[in-house]
Amino acid sequence: MKQIFVFLLAFVASIVTAQDVMTPEQLIQLKKVSGKGISKDGKFVVFSSSQYNLENNSSETKYYKIPLKGGEAEEISSLEKLLQQSQISPNGKYELFTKPVKLQKVTGQDFYSDVPESDVKIYTSLNYRHWDEWQEGQFNHVFYKKVGEENAIDIMPNEAFDSPTKPFGGPEDYIWNPDGTEILYVSKKLSGTDYAVSTNTDIYAYNLKTQKTRNLTPENKGYDTSPAFSNKGELAWLQMKRDGYESDKNDIIISRDGKHINLTTNWDGTVNNFKWSENGKTIYFVAPVKGTVQLFEIKAKANQKPKQITEGQFDIQSVVGQNKRDLVVARQDMNHATELYVVNSKNGKMRQLTHQNKDVYDNIKLGKIEKRMTTTTDGKEMLSWVAYPPNFDKNKKYPTILYCQGGPQGALSQFYSFRWNFQLMAAQGYIVIAPNRRGMPGYGVEWNEQISKDYGGQNMEDYLAAIDYIAQESYVDNERLACIGASYGGYSAFYLAGNHDNRFKSFIAHDGIFNWNSMYGTTEEMFFVNWDLGGAYWEKNNEAAQKAYNEFNPINYVQNWNTPILIIQGGLDFRVPIGQGLEAFQAAQLQGIKSKLLYFPEENHWVLNGQNSLVWQREFYKWLKETL
């Protein structure tokens, strides 16, 4: 009996040990925190907390207030009493809202009333689909009405343009001016091919009295976004200069005395988002810095240099609000989902305010996330993040994963992903190396821009330099190396599958570009491929484009594939359409290469459904276990 008891204790202990690291089920059920603002009396911070319920495949969102000084969060039923609604005009008379308006004929029923059951769309121009939806003749419009009344006025009557902009625009795209006499909104007022090849959004002002609209940014041909007024009534916004370049340097512009002043023109960085200070003399903003995202401030006048407020191994995602010297920010890192913190704007000291996932993190072991520097093939210093398994033992050997970032010009910072989660990967016993290769912000404009028209060039050498560097460590099992990534990272996996000199034993490519010719013929935002590839595949005298379609095209190296590959594809991904994944899977299968297609019919470029996400995780780790 005693032996049985000892055995049971050992069995229970083994279960506890096996469950003391992050699991896919825990990851998708973590609470997602979003700061909403500071109460009008300055005493409370208001935030939402959303949690996914696996059983009923839905999320529930609750709202809370927590004392700015710290303490327990209290659930609240309504935001209106605590926060000034941005949709309500400053004089309290009007409210803003948006809704789609049908302006164009597209469907069979639109053209022929006697075929109400037909299922057909008819197009004569581009922009016939975007991100994950077909264009069916409806456009987002901004409306206003008197508070408490039903009659509403469309401020964009008969205009076949969107505000909020698609696919990601929201309430930040339409705001009141300080006295409630005008509505400012963001829109790209272009149609057809012009729309598909351009990034030229502008900020417009609609006057309630005259019902006239004027363009506030006609001289700029790139993105103009995120308008915001200071307490002094001065307007600021974000601006990219070059039309067609979606990852251009993002600057803060203010309008003063009829002139537009670029506050960050002399700063070698790019801005993610910003918020005016309480006194209107300073602007706080967040920006990528060497594998992290940090908080900055800059005086709202010409010829100033930004001052970095925070420093550390984390990402500041946004500024929620300010109360005197205290700034409330959203913060995350590779080991922790977003929580709210209070930052002392004078010295950068931080204290955690919310603890929505404390119970989870207190009961699991987290692996170490370490910054490592690599020398690239052209002699540059490159930062890589390395995630180690919990209870890492340098005397053991571990399978190791090269993570390839998407974008391609998105920061590989201290982000916390609910799919590509480095802590979860490490918890399954893998070392992960994530290099900040060419093409990423946080290292100056030159490093960020190098990748354009060089997709298969130096940044691929950067990837290989990173995996070769970590492979020198005694604890890395060189016989068990994998390469994974999504979007541009998926392209990287497809490309390296034909150009890796047998380094890798397994590949995973999610929504990756496999064939640039068919990609150019089916993707929706043409400005992206035009800028990054240099042009169309039929432009035979275009040297940059021809290099992209030939030398940098993964399909041209598919005959070299000899390694198992998992291919993941969303059916509603119109950015990297379904043919990319199907072509790659078919090529692997016909060559007799161990391969699997994980197809999500109702997912776009991401996997958003909770249960789908869980299947994604399980198949992801099942594949690695099988092939590594």
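This structure is a prediction, so every number in the text was calculated from the model and none was measured.
- Atoms CD1 and OG1, on Ile565 and Thr627 in that order, are 10.5 Å from each other to the nearest 0.5 Å.
- Judged by distance alone, the side chain of Asn515 and the main-chain N or O of Asn553 form no donor-acceptor pair under 3.5 Å.
- With hydrogens and angles ignored, the 3.5 Å screen pairs a side-chain donor or acceptor of Asn436 with a backbone N or O of Leu412.
- Qualifying side chain to side chain contact (heavy atoms under 4.5 Å, CB included) partners for Thr400, counting only residues two or more places apart in sequence or in other chains: Ile431, Ile467, Ile470, Val476, Leu481.
- Counting only heavy atoms from C-beta outward, the side chains of Pro399 and Lys505 never approach each other to under 4.5 Å.
- Evaluation of the salt bridge (charged side-chain N to carboxylate O under 4.0 Å, His left out) test over residues 418-441, restricted to residues two or more places apart or in two chains, returns Asp378-Arg438, Arg438-Asp462.
- For Gln559, the CD atom counts as densely surrounded, since its 6.0 Å shell holds more than 12 non-hydrogen atoms of other residues, nucleotides or ligands.
- Within a 6.0 Å radius of CD in Glu72, other residues, nucleotides and ligands contribute 12 heavy atoms or fewer.
- The shortest side-chain heavy-atom distance between Ile567 and Leu598 does not fall under the 4.5 Å cut-off.
- At least one donor-acceptor pair closer than 3.5 Å links the side chain of Thr376 to the backbone N or O of Lys380.
- Asn448 places no side-chain N or O within 3.5 Å of a backbone atom of Gly444 that could act as its donor or acceptor partner.
- The aromatic ring centroids of Phe494 and Tyr491 lie 6.0 Å or more from each other.
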After noting the C-alpha distance and the side-chain angles of Ile433 and Trp385, does the key distance pass the side chain to side chain contact (heavy atoms under 4.5 Å, CB included) rule? CA-CA 6 Å; Ile433 184 165; Trp385 291 116; over 6 Å; no

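- Counting only distance, with no hydrogens or angles, the side chain of Asp511 and the backbone of Gly570 share a donor-acceptor pair below 3.5 Å.
- Note: Leu624 CG to Glu626 CD = 9.5 Å, rounded to the nearest 0.5 Å.
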Evaluate Glu60 against Ser50 for side chain to side chain contact (heavy atoms under 4.5 Å, CB included), listing each step before the verdict. CA-CA 6 Å; Glu60 180 183 11; Ser50 302; over 6 Å; no

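- For the pair Asn53 (side chain) and Ser59 (backbone), a donor-acceptor distance under 3.5 Å is absent.
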Please step through side chain to side chain contact (heavy atoms under 4.5 Å, CB included) for the pair Val432 and Val386, ending with a clear verdict. CA-CA 5 Å; Val432 183; Val386 179; over 6 Å; no

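- Annotation: cation-pi pair Lys596/Phe585 absent, no NZ/CZ under 6.0 Å from the ring centroid and within 45° of its normal.
- Ring pair Tyr520/Tyr549 is perpendicular by interplanar angle, where above 60° counts as perpendicular and below 30° as parallel.
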Show the numbers, then the answer: is there a side chain to side chain contact (heavy atoms under 4.5 Å, CB included) between Trp131 and Leu572? CA-CA 8 Å; Trp131 188 248; Leu572 295 181; over 6 Å; no

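- Under the side chain to side chain donor-acceptor pair (under 3.5 Å) criterion, Lys31 pairs with no residue, sequence neighbours left out.
- Judged by distance alone, with hydrogens and angles left aside, the side-chain atoms of Glu461 form no donor-acceptor pair with the main-chain N or O of Gly457 at under 3.5 Å.
- Note: Tyr388 and Phe392 have tilted aromatic rings, judged against thresholds of 30 and 60 degrees for the angle between ring planes.
- More than 12 heavy atoms of other residues, nucleotides or ligands shown are found within 6.0 angstrom of NZ on Lys453.
- For Gln569 (side chain) and Gly581 (main-chain N/O), a donor-acceptor pair under 3.5 Å exists by modelled atom type.
- A distance of 11.0 Å separates CZ of Phe285 from CG of Asn250, quoted to the nearest 0.5 Å.
- At a threshold of 4.5 Å between non-hydrogen side-chain atoms, the residues Val328 and Tyr341 do not count as touching.
- Taking the side chain as every heavy atom from C-beta outward, Asp532 and Phe528 approach each other to under 4.5 Å.
- Nearest heavy-atom pair across Trp447 and Met440 is CD1-O, 3.4 Å.
- Put simply, the side chain of His500 reaches to within 4.5 Å of the side chain of Asn562, judged on heavy atoms.
- The backbone N or O of Gln26 lies less than 3.5 Å from a partner atom in the side chain of Thr23, making a donor-acceptor pair.
- The shortest side-chain heavy-atom distance between Glu602 and Asn609 does not fall under the 4.5 Å cut-off.
- Shown here for Met22 and Ala427, the closest heavy-atom pair between the two residues is O-CB, 3.6 Å.
- Contact check for Tyr475 versus Asp393: no side-chain heavy atoms found under the 4.5 Å cut-off.
- Taken from CD in Gln313 to NZ in Lys290, the straight-line distance is 14.5 Å, to the nearest 0.5 Å.
- What you find for Phe514 and Ala587 is that their closest heavy atoms are CZ-CB, 4.1 Å.
- Under the 30°/60° scheme for interplanar angles, the aromatic rings of Phe422 and Phe415 are found to be tilted.
- Here the two rings, on Tyr495 and Tyr455, have centers that are 6.0 Å apart or farther.
- A parallel orientation is assigned to the rings of Trp531 and Tyr245, their planes being inclined by less than 30° (bins at 30° and 60°).
- When all heavy atoms of Ser487 and His605 are compared, the closest pair comes out as OG-NE2, 2.8 Å.
- Closest approach of Gly512 to Val576, counting heavy atoms only: O-CG1, 3.5 Å.
- Between Tyr416 and Tyr361, the ring planes lie perpendicular to each other; the angle is over 60°, past the 30° to 60° tilted range.
- The number of heavy-atom neighbours closer than 6.0 Å to CD of Glu551, taken from other residues, nucleotides and ligands shown, is above 12.
- Asn421 approaches Leu27 most closely through the heavy-atom pair ND2-CD1, 3.5 Å.
- Here Arg575 pairs with Glu524 in a salt bridge; the nearest charged N to carboxylate O distance falls below 4.0 Å.
- A centroid separation of less than 6.0 Å is found between the aromatic rings of Trp616 and Trp420.
- No more than 12 heavy atoms of other residues, nucleotides or ligands sit less than 6.0 Å from atom CD of Gln586.
- Proximity of a side-chain donor or acceptor of Asn57 to a complementary backbone N or O of Gln611 within less than 3.5 Å is detected.
- One distance of note links CD of Gln332 with OG of Ser417; it measures 9.0 Å at 0.5 Å rounding.
- Atom OG in Ser318 sits 15.0 Å away from atom OH in Tyr284 (nearest 0.5 Å).
- In this structure, Val529 and Trp516 have side chains that are in contact, with non-hydrogen atoms separated by less than 4.5 Å.
- The pair Arg618-Glu25 meets the salt-bridge criterion, since a charged nitrogen lies less than 4.0 angstrom from a carboxylate oxygen.
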Go through the steps to decide whether Gln423 and Asn335 satisfy the test side-chain hydrogen bond (donor to acceptor under 3.5 Å, both in side chains), and finish with yes or no. CA-CA 6 Å; Gln423 183 52 229; Asn335 273 345; 2.2 Å; yes

Could you walk me through whether Glu473 and Arg372 pass the salt bridge (charged side-chain N to carboxylate O under 4.0 Å, His left out) check? CA-CA 12 Å; Glu473 299 288 0; Arg372 303 285 291 267; 2.5 Å; yes

